[in-house]
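Order of the sequence lines sets the chain letters (A, B, ...), proteins ahead of strands, with each chain counted from 1.
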Amino acid sequence: MLIFSVFKTLTDQTVIVELKNDLLITGVLKSVDQFLNIRLDNIQVSDEARHPHMIAVKNCFIRGSVVRYVQIPADAVDTQLLEDATRREALNQTKR
Amino acid sequence: MDTSSAGIQEPFDLIRLSLNERVFVKLRGDRELTGVLHAYDGHMNLIMSAVEETIMIVDPAEGGQGSVNYVKRKMDMLFVRGDGVILVSPPSRT
């Protein structure tokens, strides 16, 4: 839930999503759900020569399970806040 | 369970105590990361900053031992999906 909240705060930011098949997609994060499925607008594939079928695609929905990494803008996250929220969630998990 | 004490009762406590420290992460697909850990969850989804990724590419040579190539890459702030994580190792305390 914590990571889901982080992604919600990142909407309308430009991110680079790296998929498990090594495809790198740069785009504007439009929405995210609890499975970390991601909707990207205005996308650009990093190596268009290798993935010519992607040139015409302008926006997409990415199933969360095929994501390897998401590179996010460093100034868009408060790391101190993140760590505190993580500790709080970890505490709630063990109490259960 | 007393969770207020700083001791380690369960595996995730080791990761919790590594928050805001440089950690080593081994991933599926012969990938390794080092970076500062800022967040994690029960799936081992991670958020790290100042990440250096090392990808090992083994080149099998004919009739001998193959050579290993390392490709390195740096990233500012990175979300890592938990299903690719093999291990998270806290910083070595010397």
Side-chain angles (χ1 to χ4, degrees), chain A residues 1-11 13-26 29 32 34-38 40 46-47 62-96, chain B residues 1-23 25-33 35-55 57 71 73-86 88:
Chain A
M1 227 62 219
L2 169 90
I3 305 261
F4 172 43
S5 313
V6 174
F7 273 107
K8 274 197 287 190
T9 68
L10 289 171
T11 49
Q13 299 271 1
T14 300
V15 297
I16 306 172
V17 179
E18 179 170 334
L19 307 186
K20 288 186 176 134
N21 65 359
D22 293 325
L23 187 63
L24 264 102
I25 306 171
T26 307
L29 184 69
V32 64
Q34 54 165 335
F35 304 110
L36 305 182
N37 297 321
I38 289 171
L40 289 182
S46 68
D47 190 356
I62 301 169
R63 184 178 154 100
S65 65
V66 302
V67 172
R68 181 186 290 132
Y69 302 136
V70 182
Q71 296 182 46
I72 53 192
D75 49 12
V77 285
D78 181 339
T79 55
Q80 186 63 55
L81 205 74
L82 259 183
E83 287 154 23
D84 291 345
T86 303
R87 288 194 190 95
R88 218 173 307 125
E89 190 170 85
L91 200 69
N92 286 334
Q93 293 295 319
T94 48
K95 259 194 254 169
R96 231 163 263 158
Chain B
M1 200 194 340
D2 178 24
T3 49
S4 58
S5 63
I8 294 178
Q9 273 98 26
E10 56 169 295
F12 268 119
D13 290 347
L14 193 69
I15 302 180
R16 196 190 70 232
L17 295 172
S18 306
L19 281 169
N20 201 221
E21 305 247 28
R22 209 160 183 88
V23 294
V25 180
K26 193 170 160 61
L27 296 170
R28 287 167 159 272
D30 299 323
R31 286 161 195 267
E32 291 173 353
L33 303 175
V36 182
L37 182 69
H38 294 298
Y40 68 87
D41 65 10
H43 303 287
M44 287 249 249
N45 293 320
L46 311 172
I47 294 178
M48 296 162 75
S49 71
V51 182
E52 184 175 72
E53 182 194 36
T54 310
I55 311 172
I57 299 163
V71 179
R73 188 157 66 122
K74 285 193 163 76
M75 288 163 284
D76 250 9
M77 185 69 72
L78 188 70
F79 159 78
V80 182
R81 194 172 163 90
D83 59 0
V85 175
I86 294 172
V88 179

Counting only heavy atoms closer than 4.5 Å, note whether A/D78 contacts chain B via side chain, backbone, both or neither.
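Neither; nothing under 4.5 Å.
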What part of A/E18 gets within 4.5 angstrom of chain B, counting heavy atoms only: side chain, backbone, both, or neither?
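For A/E18, side-chain heavy atoms alone lie under 4.5 Å from chain B.
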Could you state the interatomic distance from [atom1] ([X]) to [atom2] ([Y]), rounded to the nearest 0.5 Å?
{"X": "A/T86", "Y": "B/L46", "atom1": "OG1", "atom2": "CG", "value": "10.0 Å"}
{"X": "B/M75", "Y": "A/Y69", "atom1": "CE", "atom2": "OH", "value": "5.5 Å"}
{"X": "B/L19", "Y": "A/L82", "atom1": "CG", "atom2": "CG", "value": "9.5 Å"}
{"X": "B/N20", "Y": "A/E83", "atom1": "CG", "atom2": "CD", "value": "4.0 Å"}
{"X": "B/R16", "Y": "A/L91", "atom1": "CZ", "atom2": "CG", "value": "7.5 Å"}

Name the member of [options] that forms the most heavy-atom pairs with chain B at distances under 4.5 Å.
{"options": "A/Q80, A/M1, A/E89, A/Q71", "answer": "A/Q71"}
{"options": "A/T79, A/V17, A/I16, A/V70", "answer": "A/V70"}
{"options": "A/V15, A/V67, A/V77, A/L2", "answer": "A/V67"}

Check the surroundings of atom CZ in B/R73: do more than 12 heavy atoms from other residues, nucleotides or ligands lie under 6.0 Å from it?
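For B/R73, atom CZ is crowded (more than 12 foreign heavy atoms under 6.0 Å).
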A/R87, CZ atom: more than 12 neighbouring heavy atoms under 6.0 Å
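Yes, enclosed.
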Identify the heavy atoms of B/D83 and A/S65 that sit nearest to each other, and give their distance.
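Closest heavy-atom pair between B/D83 and A/S65: OD2-O, 3.7 Å.
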Locate the shortest heavy-atom distance separating B/L78 from A/I72; write the atom from each residue and the value.
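Shortest heavy-atom contact: N-CG1, 4.4 Å.
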Contacting region of [X] [heavy-atom separation from chain A under 4.5 Å]:
{"X": "B/N45", "value": "both"}
{"X": "B/Y40", "value": "both"}
{"X": "B/L27", "value": "side chain"}
{"X": "B/L33", "value": "side chain"}

A/L36 vs B/R81, test: side-chain contact (heavy atoms from CB on, under 4.5 Å). Steps then yes/no.
CA-CA 9 Å; A/L36 305 182; B/R81 194 172 163 90; 4.1 Å; yes
List the steps, then state whether side-chain contact (heavy atoms from CB on, under 4.5 Å) holds for A/R68 with B/R31.
CA-CA 11 Å; A/R68 181 186 290 132; B/R31 286 161 195 267; 3.0 Å; yes
Between A/V6 and B/F79, does the side-chain contact (heavy atoms from CB on, under 4.5 Å) criterion hold? Intermediate values first, please.
CA-CA 10 Å; A/V6 174; B/F79 159 78; over 6 Å; no
